[in-house]
Protein chains: 2
Amino acid sequence: MTAQRLQEIALRFFADKGYDGTSLADIAGAIGIKKPSIYAHYSSKLDLFLAVADTALHDYRQSWRRALDKGEALPADRRLQSLFEEMGEHFLADRTKLAFWIRLWVFPPADCPAGVRDAFQTLTGEYLAEVAAVFRAGMEQGRLRPGPADDLAHALFSLLVGFLIRAHAYQDTDHLRLLRQTWDCFMFGIKTEDG
Amino acid sequence: MTAQRLQEIALRFFADKGYDGTSLADIAGAIGIKKPSIYAHYSSKLDLFLAVADTALHDYRQSWRRALDKGEALPADRRLQSLFEEMGEHFLADRTKLAFWIRLWVFPPADCPAGVRDAFQTLTGEYLAEVAAVFRAGMEQGRLRPGPADDLAHALFSLLVGFLIRAHAYQDTDHLRLLRQTWDCFMFGIKTEDG
DNA sequence: CCTAACCTACCTAACGTTAGTTAGTTTATC
DNA sequence: GATAAACTAACTAACGTTAGGTAGGTTAGG
C-alpha cells in the first residue's frame, strides 16, 4: 500500500525537517514516485500531515493507556515509577516518533487546525488526571507524602518531557540510566534528612 | 537603528512561526519597509537569523552566569534552588525569547551551521559543569544526599527544560507556583520516609 | 469467452504563487 | 556632494496544486 508508505516517509521528514521544511517532492522522491502522484492518495499536503498526526495521537494514547494498565496491581509509588519508565522507553525506542511528537505538541504548523492541538491537550489532560489519581491513592495508602496531587502530576509530566527533550537533543546512549537517576531524585529528593 | 528593529521583529517571527515558516516579506512589512531593504542591513535571511541566534546565545549565557553569581554566598541546596528559580523566571518573563530558545536548541533550521548548534551545546555543557560543582559542594557540606553529581545536574536541567516546555505549551498563569512545587519534589522527594 | 467499460496508480506538463535575492534608482542626512 | 538606506522592478527557483493522459487489472454484458 503506497498510502501507508507515504505516511511512514512523511513522518520521517516531518519529524526531521518540520512541516514547512518538508516538500512533497522530497517525500515522493524517497518512495520513488513523482510529486503529483501523492494526490492519488491524499488530497493535499495538510491532509497527509493530518493522517500522520492522527496515527501519532492514537499511538500516544495507546502508549500511556497500556502503561497505566500494566502497573495496575502495583502499589502507587511503584506504579508511578513504572508509568514513568514505560513512557520513557516507549518514546526512546523510536527517535523519529519522539521528534514528531515533540514537534506536534510544542510547535504545530501554522496550518494545523485547532482541532488537532485540542485533541493533544485533551489527551494529555486525561493522562494527567489518571496520574493524579495514582498520586491520591498513594497518599491514602501512606506511601506518598501528602500534597497537591494535580500539581504533582504536572511536575512528573514536566520531568518526563524534560527528559525526552534532553534525549532528543543529546544523542548519547545511556538514557535509561539517566532516566532512572532522574526518577530517584523525584522519588527520594536530593536533600539529606538533617540538612 | 533599523538593524536592531529587524532583529527584534525577526526574533518574534522566528519564535512564533519558525525559520521556514517566516518570510522576509513578513518581517519587512512588520517594521514598515519593503523586502529588499533588508539587504541593506543583512546579507541574507540566514545572516539575519544568525544575528538573532547570536544575541539569544549571549543572553542565555548571561542569564545563568548572573544566576550563578547571585546565589554564590548561599549554601549549596539553597543555591541550587535559586539557580532553578532564577532561570525559570528569566525565561518566563519573555515568552518570545523562550520560544526562540527552545526552537534553536531542539529544532534548529536545516540551514543553521553546525557552529551555532555546537555553541549551544558547549554553553549548556559549561552550565551543567557549574551545577555539578554546586552539587558536589553540597554533598561535602552534608546538605545534599551523596550521589553522581553530573547525573544530578542533568536531572535538574531536564526538570527545568520540562517545566519551560510546559510553560510554553500551556498558557496559564500560575507557572511560578508550579515551578516551586516542582522544585520541592526534586528537593524532598515524594516518598514518605517509612513508605 | 471476448470485449467494452471502468478504476487505480502512476506519469508528464504546466499552472499560479511565493520564496530569497540582485540590479539599478531615488531619497534623505551629514 | 557623498554616503547610507530606502525604493521599484525583476529574476530564478521552488512550492503546492491541477489537468490530462496512459498502462494494467478488474468487472460486467452479450
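First the proteins, then the strands, lettered A, B, ... as listed; each starts at 1. Note that these values count all heavy atoms, side chains included, but never hydrogens, waters or copies made by symmetry.
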Legend entry - Distance, rounded to the nearest Å, where A:Leu48 contributes CG and D:dG16 contributes C1': 13 Å
Legend entry - Residues B:Arg79, B:Glu72: salt bridge by 4.0 Å N-O rule: no
Legend entry - Interface residues of residues 19-44 of chain A with DNA chain D (non-hydrogen, below 4.0 angstrom): A:Thr22, A:Ser23, A:Leu24, A:Lys35, A:Pro36, A:Tyr39, A:Ser44
Legend entry - Check ion pair A:Glu86-A:Arg66 (N to O, under 4.0 angstrom): no
Inset, instruction - Give a yes or no on whether a salt bridge exists between B:Asp151 and A:Arg177, defined as a side-chain N under 4.0 angstrom from a carboxylate O. - result: yes
Legend entry - Carboxylate-amine/guanidinium proximity below 4.0 Å for A:Glu126 and A:Arg61: yes
Legend entry - Interface residues of residues 2-12 of chain A with DNA chain D (non-hydrogen, below 4.0 angstrom): none
Inset, instruction - Using atom CG of B:Asp111 as one end and atom C1' of C:dG20 as the other, report the distance to the nearest whole Å. - result: 11 Å
Legend entry - Residue pairs, two or more places apart or on separate chains, that pass ring pair (Phe, Tyr, Trp, His ring centres under 6.0 Å) and touch residues 7-35 of chain A: A:Phe14-A:Tyr19, A:Phe14-A:Phe49, A:Tyr19-A:Phe49
Legend entry - Over 12 foreign heavy atoms within 6.0 Å of CZ, B:Arg95: yes
Inset, instruction - Could you tell me whether A:Arg103 sits above the aromatic face of B:Phe107, with NZ or CZ closer than 6.0 angstrom to the six-membered ring centre and within 45 degrees of the axis? - result: yes
Inset, instruction - Determine, for B:Asp26 against B:Lys17, whether the closest basic-nitrogen to carboxylate-oxygen distance falls under 4.0 angstrom. - result: yes
